[in-house]
A.B. asks: 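The following block contains the structure, expressed as structure tokens.
From a predicted model like this one, the values you see are computed outputs, not experimental measurements. Letters A, B, ... mirror the listed sequences (proteins, then strands); counts begin at 1.
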Amino acid sequence: MIEWSQTQIKAFRKTLLDWYDAHGRDLPWRRDHDPYHVWISEIMLQQTQVQTVIPYYERFMATFPTVEALAEADEAVLMKAWEGLGYYSRARNLQRAAKQLVEDYHGVWPQTVDGLKALSGIGPYTAGAIASIAFDQPVPAVDGNAFRVFARLLKIDADIAQPKTRQLFEQVISRIIDPQRPGDFNQAIMDLGSSYMTAKQPDSANSPVKAFNQAYLDGVEERYPVKAKKPRPVKQYFYGLVIQHDQQFLMQQRPSNGLLANFWTFPLVAQEEALKLSETPELVTPEEQLQLVEQLVQQSYGLTVHVVPMGGRPVTHTFTHRQWHVTLLNATLDKDADLSYFPGKWLSRDELAQIALPKLQEKLFNRIDSITKA
DNA sequence: CATGCGTGGCC
DNA sequence: TGGCCAAGCAT
């Protein structure tokens, strides 16, 4: 890692901000510095690309124009507005924080990093972003861009996958950030990280700060940032039960915590759970597995079903850490069946269209439609 | 501190 | 295709 002199720091600030003034992106949330606008955009932008966020942001602001509107929103309406963005706890934390702001803060925003971090869903990065952009606090906002940009500029060898590395970057950037224009400085770094100093195929030769990019100047840019690799998603196999009656589907509501919390999907049976019912799981044939699925549904929910494969390849969906393979089964259920022990209910397509559904469920419906049509 | 948590895009 | 990345946070 190298260190800059005070002269170099001042030259870097001017070069960066001159470039930002001339070439910074015109984004919907940059029309003003309203903390509500900054906040919503920053939460949406977590682990999500700008191009994806723009239409969501526009619709969100039209639906929930103020903190008060968000605080009072129907949760189902809120989730529908977030549908497809992923990481749905972001939306739930958003409303939790809106209620905190209205009820505990009487609508007055905390303006410091520590004050902002007390709000649900606001961590060190988002607190720094709001504090600097909305309240002109000279604090860093260290996201993936800042990690990547400064790792290359200064040849910082610390592993950015390690949580403690954040402290190092915050200290380094705190000395470099322009105290006169901290919000613009932080946003300029992000624009730089998403244009010239990208993760893959950077274009540092044409970057406005190439003279400050020590990794590039030394011809070792591809070594930075240093980042430990993550384990690949674990494959998991499920049966998805398609149970229809009177133009309705029997849908299951997922638990209130964990993956796709509270979302509605077809009843899903983990293949592993079904195999546990056999004393010799390694010898179970595909036909016998279907019987085990029927047994498991009977044991778990007191429902008698008969299942038949719908055909086609399993529907696959990859999450950050899991890869699901869902085999659809056409299931028939006694229409007088007692659903008291089943965590779900009958829903029509119209009703399903009104609520937020995860992408996985959308894929499952698409598969059914393609089979039905064929 | 390590792990869990969605989705889309790119090569 | 699989692997990696994209304006992270809660627990």
A.B. asks: For C:dG8 versus B:dC1, give the span between their C1' atoms, rounded off to a whole number of Å.
C.D. replies: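 Nearest-Å result for C:dG8 against B:dC1 at atom C1': 16 Å.
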A.B. asks: Please tell me which of A:I122 and A:T320 maps to the more 5' nucleotide of DNA chain C, matching each residue to the nucleotide holding its nearest heavy atom.
C.D. replies: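 By nearest-heavy-atom nucleotide position, the 5'-most residue is A:T320.
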A.B. asks: Just wondering, more than 12 heavy atoms not from A:R322 lying within 6.0 Å of its CZ?
C.D. replies: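 Counting neighbours around CZ of A:R322, more than 12 heavy atoms of other residues, nucleotides or ligands fall under 6.0 Å, so yes.
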A.B. asks: Which residues within residues 37-53 of chain A lie with some heavy atom under 4.0 Å of an atom in DNA chain C?
C.D. replies: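 Those residues whose heavy atoms fall under 4.0 Å from DNA chain C, taken from residues 37-53 of chain A in numerical order, are A:E42, A:L45, A:Q46, A:Q47, A:Q49, A:V50.
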A.B. asks: Hey, does A:P233 reach any base, or is it just sugar-phosphate, or nothing, if we go heavy atoms under 4.0 Å?
C.D. replies: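 Nothing, no nucleic acid heavy atom in range.
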A.B. asks: Do the side-chain N or O atoms of A:R322 get closer than 4.0 angstrom to the phosphate oxygens (OP1, OP2) of B:dG4?
C.D. replies: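 Negative; the distance criterion is not met.
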A.B. asks: Rounded to whole angstrom units, what separation is found between the CZ atom of A:R90 and the P atom of B:dG6?
C.D. replies: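 A:R90 atom CZ is separated from B:dG6 atom P by 9 Å.
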A.B. asks: Distance between the C1' atoms of B:dG6 and C:dC5, in whole angstroms?
C.D. replies: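 14 Å, rounded to whole Å.
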A.B. asks: Would you give me the side-chain donor-acceptor pairs under 3.5 Å for residues 107-121 of chain A, sequence neighbours excluded?
C.D. replies:
from	atom 1	to	atom 2	distance (Å)
A:T112	OG1	A:G115	N	3.0
A:S120	OG	A:Q100	OE1	3.1

A.B. asks: Heavy-atom contacts under 4.0 Å between residues 55-64 of chain A and DNA chain C, which residues?
C.D. replies: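 The stretch gives none, as no residue of it lies under 4.0 Å from the strand.
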A.B. asks: Go through DNA chain C in 5' to 3' direction and return only the first and the last nucleotide with some atom under 4.0 Å of chain A's heavy atoms.
C.D. replies: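 Result: C:dG3 to C:dA10.
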A.B. asks: Might you confirm whether atom CD of A:Q167 has over 12 heavy atoms from other residues, nucleotides or ligands at distances under 6.0 Å?
C.D. replies: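 Atom CD in A:Q167 is not packed in, count stays at 12 or less.
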A.B. asks: Grab the CG-C1' distance between A:N257 and B:dG4 for me, whole Å please.
C.D. replies: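 From A:N257 CG to B:dG4 C1': 11 Å.
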A.B. asks: Give me the distance, rounded to whole Å, that separates C:dT1 from B:dG8 when you measure between the C1' atoms they each carry.
C.D. replies: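 Comparing C1' positions in C:dT1 and B:dG8 gives a spacing of 16 Å.
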A.B. asks: May I ask you to list the residues of residues 158-171 of chain A, by number, that have any heavy atom positioned under 4.0 Å from an atom of DNA chain C?
C.D. replies: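 Those residues: none at all.
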A.B. asks: If we only count heavy atoms from C-beta on, is the A:R254 to A:L259 side-chain gap below 4.5 Å?
C.D. replies: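 In contact.
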A.B. asks: Which other residues belong to the hydrophobic cluster containing A:F342, where Ile, Leu, Val, Met, Phe, Trp and Tyr are joined when side-chain heavy atoms lie under 4.5 Å apart, directly or via other members?
C.D. replies: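 Direct or chained contacts put A:F342 with A:Y239, A:L241, A:I243, A:L250, A:V269, A:L275, A:L277, A:V284, A:L290, A:L292, A:V293, A:L296, A:V297, A:Y301, A:L303, A:V305, A:V307, A:L329, A:L333, A:L339, A:W346.
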A.B. asks: Between atom CD in A:Q236 and atom C1' in B:dC5, what is the gap in whole Å?
C.D. replies: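 The answer, rounded to whole Å, is 13 Å.
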A.B. asks: Rounded to whole angstroms, how far apart are CE on A:M79 and P on B:dT7?
C.D. replies: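 My rounded result for the distance is 10 Å.
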A.B. asks: Over all strands shown, is A:R254 touching base, sugar-phosphate only, or nothing at heavy-atom distances under 4.0 angstrom?
C.D. replies: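 Result for A:R254 = nothing.
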A.B. asks: Using a heavy-atom cut-off of 4.0 Å across all strands, would you classify A:W29 as base, sugar-phosphate, or nothing?
C.D. replies: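 Base, at least one base atom sits under 4.0 Å.
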A.B. asks: With a 4.0 Å heavy-atom cut-off, tell me which residues in residues 124-148 of chain A come close to DNA chain C, sorted by residue number.
C.D. replies: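 Correct list: A:P124, A:Y125, A:T126, A:D143, A:G144, A:N145, A:R148.
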A.B. asks: Using a 3.5 Å cut-off and no angle test, enumerate the donor-acceptor pairs between side-chain atoms of residues 229-237 of chain A and protein atoms at least two apart in sequence or in another chain.
C.D. replies:
from	atom 1	to	atom 2	distance (Å)
A:Q236	OE1	A:W324	NE1	2.9

A.B. asks: Run the ring-ring contact (aromatic ring centres under 6.0 Å, His included) test against A:F212 and tell me which residues pass, sequence neighbours left out.
C.D. replies: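 So A:F212 forms a ring-ring contact (aromatic ring centres under 6.0 Å, His included) with A:W4, A:F12.
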A.B. asks: Using the P atom in both, what is the distance from B:dC5 to C:dA6, to the nearest Å?
C.D. replies: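 After rounding to an integer number of Å, I get 22 Å for this pair.
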A.B. asks: By side chain to side chain donor-acceptor pair (under 3.5 Å), which residues pair with A:D246, not counting sequence neighbours?
C.D. replies: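 Residues passing side chain to side chain donor-acceptor pair (under 3.5 Å) with A:D246: none at all.
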A.B. asks: Would you list the atom pairs, donor with acceptor, under 3.5 Å between side chains in residues 309-320 of chain A and any protein atom, with sequence neighbours excluded?
C.D. replies:
from	atom 1	to	atom 2	distance (Å)
A:H317	ND1	A:K363	NZ	2.9
A:T318	OG1	A:Q323	NE2	3.2
A:T320	OG1	A:Y87	OH	3.1

A.B. asks: Among residues 178-208 of chain A, which residues get a heavy atom nearer than 4.0 Å to DNA chain C?
C.D. replies: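 Heavy-atom contacts with DNA chain C come from A:M190, A:A199, A:K200.
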